[in-house]
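Notes for the one structure printed next.
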2 protein chains.
Amino acid sequence: MRKRATAKEVADAAGVSKWTVIRAFTPGASIAEESKRKVLAAAAALNYSPNLLARSLATNSTNQVAVFVDDFSNPQKLPFLETLTERLQAEGLVAVLININTHFDHVHALLHADQRQVDAVILFGTAFRSETLSDLQLGRGTPPMFVLARDSQIEGVPAVVCDAELALREIVDHLHERGYRRPGFMTGATALSTALRRRQHFADFWKQKGVDEIAVLSAEKYSAEAGAVAVRSYLEQTARADRVDVLMCENDILALGAMDEIRSRFGLRIPEDIAVVGFDNYEFCGSPAYSLTTYEQPRQEMIQVIVGMIAGRLEPETVTLPGTLVIRTST
Amino acid sequence: MRKRATAKEVADAAGVSKWTVIRAFTPGASIAEESKRKVLAAAAALNYSPNLLARSLATNSTNQVAVFVDDFSNPQKLPFLETLTERLQAEGLVAVLININTHFDHVHALLHADQRQVDAVILFGTAFRSETLSDLQLGRGTPPMFVLARDSQIEGVPAVVCDAELALREIVDHLHERGYRRPGFMTGATALSTALRRRQHFADFWKQKGVDEIAVLSAEKYSAEAGAVAVRSYLEQTARADRVDVLMCENDILALGAMDEIRSRFGLRIPEDIAVVGFDNYEFCGSPAYSLTTYEQPRQEMIQVIVGMIAGRLEPETVTLPGTLVIRTST
DNA sequence: CACCTGTTTGCACCCGGTAGCAAAGAAAAT
DNA sequence: ATTTTCTTTGCTACCGGGTGCAAACAGGTG
């Protein structure tokens with residue numbers, strides 16, 4: 001049961017001091033070609049590689065980034081995670097995925113991340129109030145935080161988001177042009193909903209078009225089931241003549257759940273009886289079974305920017321990026 | 001820009017030695033009530049918490065588990081990640097999510113995980129050959145590895161999987177009972193496919209029923225698009241009379257893509273013209289738009305077991321767990 | 001050959017904890 | 001009061017590397 005070789009052991013094998021070994025593994029360090037070759041040979045023989053833990057302790061940088069996620073119900077999280085890990089790894093960073101839930105809340109997670117000395121914390125689509133931060137009163141040592149795909153509600157914490165104002169303007173313009181005049185909006189979990197600003201802009205732009213009243217449907221959370229329940233209770237309680245002619249859902253998952261319910265339970269046609277719009281452009285929205293009009297977030301760009309800020313190439317500041325309206329047959 | 005407080009600083013503030021401070025933060029350590037109170041007060045004032053990095057270096061255990069993922073196209077990965085992180089965190093462990101791709105392959109990742117001294121590596125649905133391991137010749141120090149949701153192809157590396165034999169038996173029994181006699185099977189990316197053993201068992205059980213011939217459709221990868229392409233080329237090349245009456249797809253994503261294509265491009269009915277079966281029970285399979293018969297992996301149990309083995313409560317060994325056949329209207 | 005300059009190398013000390021032993025202090029037994 | 005025993009505390013050594021400086025070793029010049 002041999003342990004990992006240490007720099008000292010390699011040094012002895014190569015007939016140099018351990019510092020010379022370290023230099024051989026430090027790019028740009030002052031070391032003679034000759035000894036570097038000797039060291040690398042000895043290192044290869046002993047199968048040595050530097051212990052990143054020890055290095056992190058000494059250099060005070062771990063090259064680890066904590067990623068907080070508190071809602072795994074949106075499948076859109078997966079491609080984001082894919083791109084995020086890929087980009088981080090390209091920068092020599094690695095993602096520590098933290099599941100924020102009732103057993104492990106933001107306070108826990110933040111304390112933990114701090115204790116582990118991560119280089120940064122990404123709040124990915126997750127919410128917490130400023131008070132939480134002041135409760136913790138983590139000193140200056142706290143790792144820098146960034147919010148991804150959600151408005152920051154914390155002073156001094158930058159966010160990288162899709163431009164909700166632009167998105168909703170494009171959506172409302174499109175709907176108005178198509179002739180819809182009785183819009184409805186379905187929100188998801190209230191805690192998360194306000195920060196997305198989607199409902200607010202939706203209402204604002206309709207107002208500009210002269211439509212003041214927006215029917216609001218509230219889903220309990222962001223799931224297809226919740227979307228179905230919300231639309232069911234709406235349709236059951238609303239006379240045919242009073243119903244909306246287009247329903248914008250806060251995200252695709254709600255929209256897909258709503259579409260299923262609208263068609264199979266109420267036998268209504270989409271978009272003839274009710275048009276539906278989602279948000280995110282989740283993979284299945286394009287399937288012929290749904291063909292949902294939706295809005296795609298600029299995932300690559302958003303992640304490019306947030307990783308750039310973490311790597312120090314970009315100034316940390318809130319950045320708003322334009323996405324793309326994807327028009328399909330649900331409108 | 002104050003740094004984190006250290007044990008030494010707290011010690012000075014509390015008028016004790018740094019070892020006493022450490023004891024106050026070590027559960028079950030021998031320390032007087034009185035001094036513990038003093039230390040905790042001083043620690044609170046200075047906002048001290050132990051540096052886990054330094055602790056890891058000294059104790060030689062990081063409480064970090066590397067999770068390798070190389071295919072983010074299957075949305076089923078997300079609930080697995082959710083449950084996995086939750087369970088790991090409940091054990092005081094944390095997941096380091098590593099994206100295996102062309103820029104960062106298994107060798108890189110393994111070396112990295114080793115350098116970071118992670119406590120274990122989970123190969124989540126990912127593949128690599130034994131040779132890769134011997135190429136690396138990581139000594140004894142290598143962190144223990146476990147394969148999740150996929151057969152292990154490496155000697156001595158245990159896997160936790162859904163029982164494919166049982167699953168396919170149940171599926172074939174069900175299909176046979178429903179009267180299907182001309183089965184087809186759609187495989188995904190070949191590199192991953194064999195390890196799942198699904199096709200093999202599918203063929204074996206049909207043979208037992210006296211059906212020797214299985215039509216095989218090969219998709220390029222595990223995506224809805226690839227599933228659609230595979231079924232399209234099959235249906236275009238196969239006369240109506242020669243076609244399969246039931247198509248089993250290696251996973252749900254292929255199945256959903258195939259269903260879309262079968263219905264919208266070829267105008268065929270499911271299940272009357274062709275029945276379809278998937279695997280995984282991904283959320284949208286239950287939607288009325290698809291209503292796909294599929295097989296659900298025992299996610300909770302699998303993760304319970306693998307985390308138990310990592311935490312040392314369970315003997316590390318390959319474990320095969322039974323899943324559940326979910327019958328819907330696609331068969 | 002002495003002198004200067006530039007490159008290599010070794011060293012003491014540090015990063016922030018942990019382990020285990022030995023000394024000091026307090027309580028119990030003689 | 002003395003000895004024994006248990007609890008509490010301090011200390012040395014260590015985990016595996018990193019930093020900045022000084023010594024050692026070149027090579028070139030006058």
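We name chains A, B, ... by the order of the sequence lines, and we start the count at 1 in each one. Hydrogens, waters and symmetry mates are skipped; everything else that's a heavy atom, side chains included, is used.
Within the 4.0 angstrom heavy-atom criterion, no nucleotide atom of any strand lies near B/S56. Among the heavy atoms of the strands lying under 4.0 Å from B/S30 is at least one base atom, whether or not backbone atoms are also near.
The aromatic rings of A/F68 and A/H106 sit tilted relative to each other, their planes meeting at an angle between 30° and 60°. Using a 30° and 60° split on the angle between ring planes, B/Y48 and B/F25 fall in the perpendicular class, above 60°.
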Report, as a single string ordered 5' to 3', how protein heavy atoms within less than 4.0 Å touch nucleotides 16-22 of chain D: B base, S sugar-phosphate only, - not at all.
BBBBB--
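Rounded to whole Å, atom P of D/dT7 lies 14 Å from atom CD of B/E33. The interatomic distance linking A/E34 (CD) with D/dA26 (C1') rounds to 14 Å, in whole Å. Between the NZ atom of B/K36 and the C1' atom of D/dT7 there is a distance of 15 Å, rounded to whole Å. Here the C1' atom of nucleotide D/dC6 and the CD1 atom of B/I31 are 17 Å apart, to the nearest Å. B/E9 has its CD atom 8 Å from the P atom of C/dG16, to the nearest Å. Separating the CZ atom of B/F25 from the P atom of D/dT9 is a distance of 15 Å, rounded to the nearest angstrom.
Side-chain atoms of A/Q64 and A/Q117 include no donor-acceptor pair closer than 3.5 Å. Side-chain contact annotation: B/S49 with B/R4, donor-acceptor N/O pair under 3.5 Å present.
Proximity of B/S35 to the phosphate of D/dT9: a side-chain N or O atom is located under 4.0 Å from OP1 or OP2.
Cation-pi contact between B/K77 and B/F124: present, with separation from the ring centre below 6.0 Å and deviation from the ring axis of at most 45°.
Side-chain N or O atoms of A/D70 include none that pairs as donor or acceptor with a backbone N or O of A/N101 at under 3.5 Å.
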